[in-house]
Colleague: 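I have a structure I would like to understand better, so I am pasting it below and will then ask my questions one at a time.
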Amino acid sequence: NKGASWVDGITVEEIADYIKENKERITNQIRNRKYKPQPVRRVQIPKENGKKRNLGIPTVMDRIIQQAMVWILTIYWVYQLIVSLCSLVKLKDKPLVEEKDHKFMAILPAHNEENVIGNLIESLKKQDYPANLIDIYVIADNCTDNTVKIAKEAGAIVLERKEDDPKKRTKGAALQWFLKQKIEENADYDAFCVFDADNIVDKGFFTAMNKKLCQGEEVVQGYRDIKNPTDSWVSAGYAIFYWTMHRFYHLARYNLGLSALLNGTGFMVKFDIIKPTGWNTDTLTEDIEFSLKRIIQGKRVGWATDAIVYDEQPVGFKQSWSQRSRWTIGHIQCLQEYTKPLAGAVKKNKTLMNFDGLLYMMGSIPMFIMTIVLLLINFVMFIFGGMTPMDLLINCLRYILPTFFLPIFVGIVIMIIERKPIRPMLKGLALYPLFLGSWLLINFKCLFVRDTKWEKIDHVRDIKIKDVA
């Protein structure tokens with residue numbers, strides 16, 4: 001820039017002293033989201049052909065903050081890559097600390113699920129684990145259809161729940177209501193497993209979870225497979241997303257001794273650990289909230305690849321949009337409630353598990369906001385002549401390619417590793433960027449509009465355990 005100064009008059013040589021004098025003010029502005037970049041100074045730079053090119057010069061401070069954001073994003077994704085690669089290493093199985101056949105509750109929260117509840121109970125009745133050690137409970141949550149009748153006829157124990165407050169008609173509230181009763185009864189169970197009503201459960205699920213209990217695990221997430229991955233590009237998007245998460249997030253962290261996360265369904269909890277407080281969750285994502293509370297306490301969530309549950313995913317985009325919006329709002333609720341306790345746990349315990357849990361929360365909405373800000377900065381600099389069209393294109397591709405197109409390659413790799421058929425998923429793979437892109441739009445929408453209305457997922461197919469196992 002031929003030595004031209006910035007609008008604030010501070011040079012590169014002076015910036016260190018400026019930061020020392022204003023560190024607290026700048027830090028507070030960034031923390032409180034009140035930092036505003038200075039205007040870009042426009043100067044004209046002579047070109048070889050005799051013409052002049054406009055150049056926008058940001059202040060040194062703005063440039064430092066921009067580069068700091070770039071480095072934060074870069075380090076974050078490098079960390080995720082390194083951790084993910086640990087999923088490719090097969091470790092020895094953990095030794096048993098006891099040998100026992102534990103007694104389980106299978107808990108099935110259900111709201112008007114007459115079309116699918118029978119198939120789930122049937123799959124639970126076909127476990128290769130002793131039947132007298134599994135009691136199946138259906139929480140008929142404000143049901144107005146034949147869910148109660150079908151569940152009783154299938155052999156489940158049914159408890160009917162009536163709740164007039166729409167805000168309390170959540171799975172978390174239903175679990176809290178049910179488990180409170182079992183705690184007060186001092187029910188004779190070692191652990192419980194939670195399933196969504198549209199699930200079907202692999203016959204080896206409880207055998208696998210019993211082994212985890214015998215290995216000393218207290219909370220374990222099972223492998224959430226998809227029973228309708230090829231029904232539409234939407235259900236295929238869910239399938240690729242979950243298969244990727246299972247391998248590169250949950251299994252990778254389990255191998256490293258870090259914490260996996262509960263994933264909504266197909267998980268096991270040792271009964272004793274909830275007796276002091278019950279199932280005490282308040283957000284829309286009760287699974288993530290429960291996991292974060294464990295991590296803050298310095299306790300991890302385990303992982304069981306061979307405890308398989310098949311989950312039904314939305315086929316239509318509208319239902320998927322509504323469901324993922326609720327998940328995003330739940331993540332925002334957890335972000336607001338648990339980021340500070342997680343940071344405190346990192347400072348107090350100084351463990352990688354606590355740090356990893358904090359990164360999980362920071363990697364959702366905060367990283368999304370940071371990426372949007374960086375893209376906007378690039379466009380502003382381009383408008384004011386701070387970069388060429390080619391520089392803008394290259395900078396945008398740095399975000400677009402990893403976000404939208406790299407996941408296609410990752411999805412293919414995952415399907416090869418997990419031995420999933422690729423040919424039926426080709427349409428889903430091709431449209432996977434659209435699925436991920438819609439999720440970014442959902443994140444952006446939920447920053448401003450937070451509709452928590454629950455929308456029931458239509459079950460359009462009658463899928464039994466014999467159809468998937």
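Positions are given from 1, in the same order as the sequence printed here. A quick note: this is a predicted structure, and the numbers were derived from the prediction, not measured.
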Colleague: With sequence neighbours excluded, what pairs up with Lys427 under the salt bridge (Lys or Arg N to Asp or Glu O under 4.0 Å) test?
Modeller: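 So Lys427 forms no salt bridge (Lys or Arg N to Asp or Glu O under 4.0 Å) with any residue.
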Colleague: Under the side chain to side chain contact (heavy atoms under 4.5 Å, CB included) criterion, do Leu292 and Leu342 qualify, and how do the steps go?
Modeller: CA-CA 8 Å; Leu292 294 177; Leu342 279 167; 4.0 Å; yes
Colleague: Taking the side chain as C-beta and beyond, is there a heavy-atom pair between Phe290 and Phe267 under 4.5 Å?
Modeller: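 A side-chain contact is absent here, since even the closest heavy-atom pair is not under 4.5 Å.
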Colleague: Is the count of non-hydrogen atoms from other residues, nucleotides or ligands lying under 6.0 Å from Lys94 atom NZ greater than 12?
Modeller: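 Enclosed.
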Colleague: Show your reasoning for whether side chain to side chain contact (heavy atoms under 4.5 Å, CB included) applies to Leu159 and Ile139.
Modeller: CA-CA 5 Å; Leu159 284 80; Ile139 307 173; 5.6 Å; no
Colleague: For residues Lys420 and Asp225, determine if any side-chain heavy atom of one lies less than 4.5 Å from a side-chain heavy atom of the other.
Modeller: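 Yes, close enough: below the 4.5 Å cut-off.
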Colleague: Tell me whether the rings of His246 and Trp303 are parallel (<30°), tilted (30 to 60°) or perpendicular (>60°).
Modeller: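 Ring orientation of His246 relative to Trp303: tilted.
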Colleague: Walk me through whether Asp311 and Arg224 qualify under salt bridge (Lys or Arg N to Asp or Glu O under 4.0 Å).
Modeller: CA-CA 7 Å; Asp311 189 31; Arg224 183 179 180 177; 2.6 Å; yes
Colleague: How far apart are the closest heavy atoms of Leu133 and His102, and which atoms are they?
Modeller: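 Nearest pair, atom of Leu133 first, then His102: CB-O, 3.7 Å.
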Colleague: Under 3.5 Å, is there a donor-acceptor pair between the Asn228 and Ser235 side chains?
Modeller: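 No pair is found: no donor N or O on one side chain lies under 3.5 Å from an acceptor on the other.
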Colleague: Below 30° counts as parallel, above 60° as perpendicular, anything between as tilted: where do the rings of Trp327 and Tyr242 land?
Modeller: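 Correct class here is perpendicular.
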Colleague: Return the CG to CD distance between Asn263 and Gln221, rounded to the nearest 0.5 Å.
Modeller: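 It is 5.0 Å, given to the nearest 0.5 Å.
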Colleague: Can you tell me how far SG of Cys334 sits from CD1 of Ile329, rounded to the nearest 0.5 angstrom?
Modeller: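 Result: 12.5 Å between the selected atoms.
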Colleague: Under a 3.5 Å distance rule, please check whether Asn255 uses its side chain to pair with a backbone N or O of Val89 as donor and acceptor.
Modeller: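 The answer is yes, because a donor-acceptor pair under 3.5 Å joins these two groups.
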Colleague: Look at atom CZ of Phe444 and say whether more than 12 heavy atoms of other residues, nucleotides or ligands are closer to it than 6.0 Å.
Modeller: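 12 or below, so no.
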Colleague: When rounded to the nearest 0.5 angstrom, what distance separates CG in Leu352 from OH in Tyr79?
Modeller: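 Here the rounded value is 4.5 Å.
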Colleague: So which heavy atom on Val309 is nearest to which on Gly266, and how close?
Modeller: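 Between these two residues, the closest heavy atoms are CG1-CA, 3.8 Å.
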Colleague: Inspect the surroundings of CG in Asp165 and state if more than 12 heavy atoms from other residues, nucleotides or ligands are less than 6.0 Å away.
Modeller: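 Buried by this count: over 12 neighbours within 6.0 Å.
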Colleague: Between Lys445 and Phe448, is NZ or CZ placed under 6.0 angstrom from the six-membered ring centre and within 45° of the ring axis?
Modeller: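 No - Lys445 does not lie over the ring of Phe448 by the 6.0 Å and 45° rule.
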Colleague: For the residue pair Glu289 and Thr283, confirm or rule out a side-chain donor-acceptor distance under 3.5 Å.
Modeller: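 A donor-acceptor contact under 3.5 Å links the two side chains.
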Colleague: Are Thr207 and Asn210 linked by a side-chain donor-acceptor pair shorter than 3.5 Å?
Modeller: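 There is no such pair between these side chains.
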Colleague: Please give me the minimum heavy-atom distance between Gln127 and Leu124, naming the atom from each residue.
Modeller: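 Heavy atoms of Gln127 and Leu124 come nearest at CG-O, 3.2 Å.
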Colleague: For the pair Glu312 and Lys227, find out whether any cationic side-chain nitrogen is under 4.0 Å from an anionic carboxylate oxygen.
Modeller: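 Looking at Lys227 together with Glu312, the answer is yes, because their closest N to O distance falls below 4.0 Å.
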Colleague: Looking at Lys100, I'd like to know if its NZ atom is crowded, meaning that more than 12 non-hydrogen atoms belonging to other residues, nucleotides or ligands lie closer than 6.0 Å.
Modeller: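 Enclosed: over 12 neighbouring heavy atoms sit under 6.0 Å from NZ of Lys100.
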Colleague: Is there a donor-acceptor contact under 3.5 Å linking the side chains of Tyr238 and Ser320?
Modeller: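 Indeed, the side chains of Tyr238 and Ser320 share at least one donor-acceptor pair under 3.5 Å.
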Colleague: As a quick check of understanding, evaluate side chain to side chain contact (heavy atoms under 4.5 Å, CB included) for Leu374 and Leu73, giving each step before the final call.
Modeller: CA-CA 10 Å; Leu374 283 171; Leu73 284 172; 3.3 Å; yes
Colleague: Could you state the interatomic distance from CG (Asp356) to OG (Ser259), rounded to the nearest 0.5 Å?
Modeller: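 The OG atom of Ser259 is 8.0 Å from CG of Asp356, to the nearest 0.5 Å.
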Colleague: Kindly indicate whether the side chain of Phe104, heavy atoms from C-beta on, has any atom under 4.5 Å from the side chain of Met268.
Modeller: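 Yes - at least one pair of side-chain heavy atoms lies under 4.5 Å apart.
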Colleague: Can you check whether Val158 reaches Thr147 side chain to side chain, under 4.5 Å on heavy atoms?
Modeller: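 Contact flag for Val158/Thr147 side chains = no.
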Colleague: Could Arg161 and Asp141 be called an ion pair, given the rule that one side-chain N must be under 4.0 Å from one carboxylate O?
Modeller: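 Asp141 and Arg161: salt-bridged.
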Colleague: Asn119 and Ser123: side chain to side chain contact (heavy atoms under 4.5 Å, CB included), yes or no, with the steps?
Modeller: CA-CA 6 Å; Asn119 293 337; Ser123 69; over 6 Å; no
Colleague: Cation over ring, Arg247 on Tyr249, under 6.0 Å and within 45°?
Modeller: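 The answer is no; the distance or angle limit is not met.
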Colleague: Using 0.5 Å steps for rounding, measure from the CZ atom of Phe409 to the CG atom of Leu401.
Modeller: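 Rounded to the nearest 0.5 Å, the CZ-CG separation comes to 14.0 Å.
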Colleague: Can you tell if the side chain of Tyr432 reaches within under 4.5 Å of the side chain of Phe404, non-hydrogen atoms only?
Modeller: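 Tyr432 does not reach Phe404 side chain to side chain.
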Colleague: Can you confirm whether more than 12 heavy atoms, excluding those of Lys162, are under 6.0 Å from its NZ atom?
Modeller: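 Yes, the 6.0 Å shell around NZ holds more than 12 heavy atoms from other groups.
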Colleague: Do other residues, nucleotides or ligands put more than 12 heavy atoms under 6.0 Å from Phe379 CZ?
Modeller: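 Atom CZ in Phe379 is not crowded, with 12 or fewer foreign heavy atoms closer than 6.0 Å.
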Colleague: Of all the heavy-atom pairs spanning Arg398 and Asn395, show the shortest one and how long it is.
Modeller: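 What the structure gives for the nearest pair is NH1-OD1, 3.1 Å.
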Colleague: Just to verify, which of Asp198, Ile150, Asp145, Asn199 counts as forming a side-chain contact (heavy atoms from CB on, under 4.5 Å) with Ile117?
Modeller: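 Output: one option passes, namely Ile150.
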Colleague: As an exercise, state the distance from CZ of Arg253 to OG of Ser87, rounded to the nearest 0.5 Å.
Modeller: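 Answer rounded to 0.5 Å: 10.0 Å.
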Colleague: Looking only at side chains, do Glu418 and Tyr223 share a donor and an acceptor under 3.5 Å apart?
Modeller: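 Judged by distance alone, the side chains do pair up.
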Colleague: Can you give me the closest heavy-atom contact between Ala140 and Val148, atom names plus distance?
Modeller: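 Result for this residue pair: CB-CG2, 3.6 Å.
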Colleague: Mind checking whether Asn443 and Ile365 have side chains closer than 4.5 Å, heavy atoms only?
Modeller: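 Contact flag for Asn443/Ile365 side chains = yes.
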Colleague: Are Tyr338 and Met361 close enough that some pair of their side-chain heavy atoms sits under 4.5 Å apart?
Modeller: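 Result no, sub-4.5 Å side-chain heavy-atom pair not found.
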Colleague: Check for me whether Arg324 meets the cation-pi criterion with Phe435, that is, NZ or CZ under 6.0 Å from the six-membered ring centre and within 45 degrees of the ring axis.
Modeller: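 Yes - Arg324 lies over the ring of Phe435, closer than 6.0 Å to its centre and within 45° of its axis.
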Colleague: Quick one: do Lys299 and Glu218 make a salt bridge, cutoff under 4.0 Å?
Modeller: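 Salt bridge flag = no for Glu218 with Lys299.
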Colleague: Check whether Thr277 reaches the backbone of Asn280 with its side chain - one donor and one acceptor, N or O, closer than 3.5 Å.
Modeller: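 Here the side-chain-to-backbone pair does not exist.
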Colleague: Would you please indicate yes or no on a ring centroid separation below 6.0 angstrom for Phe178 and Trp279?
Modeller: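 Centroid distance Trp279-Phe178: not below 6.0 Å, so no.
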Colleague: Check Cys86 against Ala252 and note the closest heavy-atom contact, atom names and distance.
Modeller: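 Shortest heavy-atom separation between Cys86 and Ala252 comes out as CB-O, 4.2 Å.
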Colleague: Under 3.5 Å, is there a donor-acceptor pair between the Asp282 and Gln333 side chains?
Modeller: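 There is no such pair (donor and acceptor under 3.5 Å, judged by atom type) between the side chains of Asp282 and Gln333.
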Colleague: Is the count of non-hydrogen atoms from other residues, nucleotides or ligands lying under 6.0 Å from Phe355 atom CZ greater than 12?
Modeller: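 Open.
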Colleague: Are Asp202 and Lys126 ion-paired here, with the side-chain N under 4.0 Å from a carboxylate O?
Modeller: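 Here Asp202 does not pair with Lys126 in a salt bridge, since their nearest N and O are not under 4.0 Å apart.
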Colleague: Does any part of the side chain of Ile134, heavy atoms only, come nearer than 4.5 Å to the side chain of Tyr129, both counted from C-beta?
Modeller: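 Yes; the side chains approach each other to less than 4.5 Å.
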Colleague: So for atom CG, which belongs to Asp164, do other residues, nucleotides or ligands contribute more than 12 heavy atoms lying within a distance under 6.0 Å?
Modeller: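 Open: at most 12 neighbouring heavy atoms sit under 6.0 Å from CG of Asp164.
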Colleague: Is any NZ, NE, NH1 or NH2 atom of the basic residue among Lys125 and Glu122 found under 4.0 Å from an Asp or Glu carboxylate oxygen of the other?
Modeller: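 So Lys125 does not pair with Glu122 through a salt bridge.
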Colleague: Could you walk me through whether Glu217 and Lys211 pass the salt bridge (Lys or Arg N to Asp or Glu O under 4.0 Å) test, one step at a time?
Modeller: CA-CA 9 Å; Glu217 300 281 3; Lys211 182 179 178 181; over 6 Å; no
Colleague: With under 30° as parallel and over 60° as perpendicular, where do the rings of Tyr360 and His331 fit, or are they tilted in between?
Modeller: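 Correct class here is tilted.
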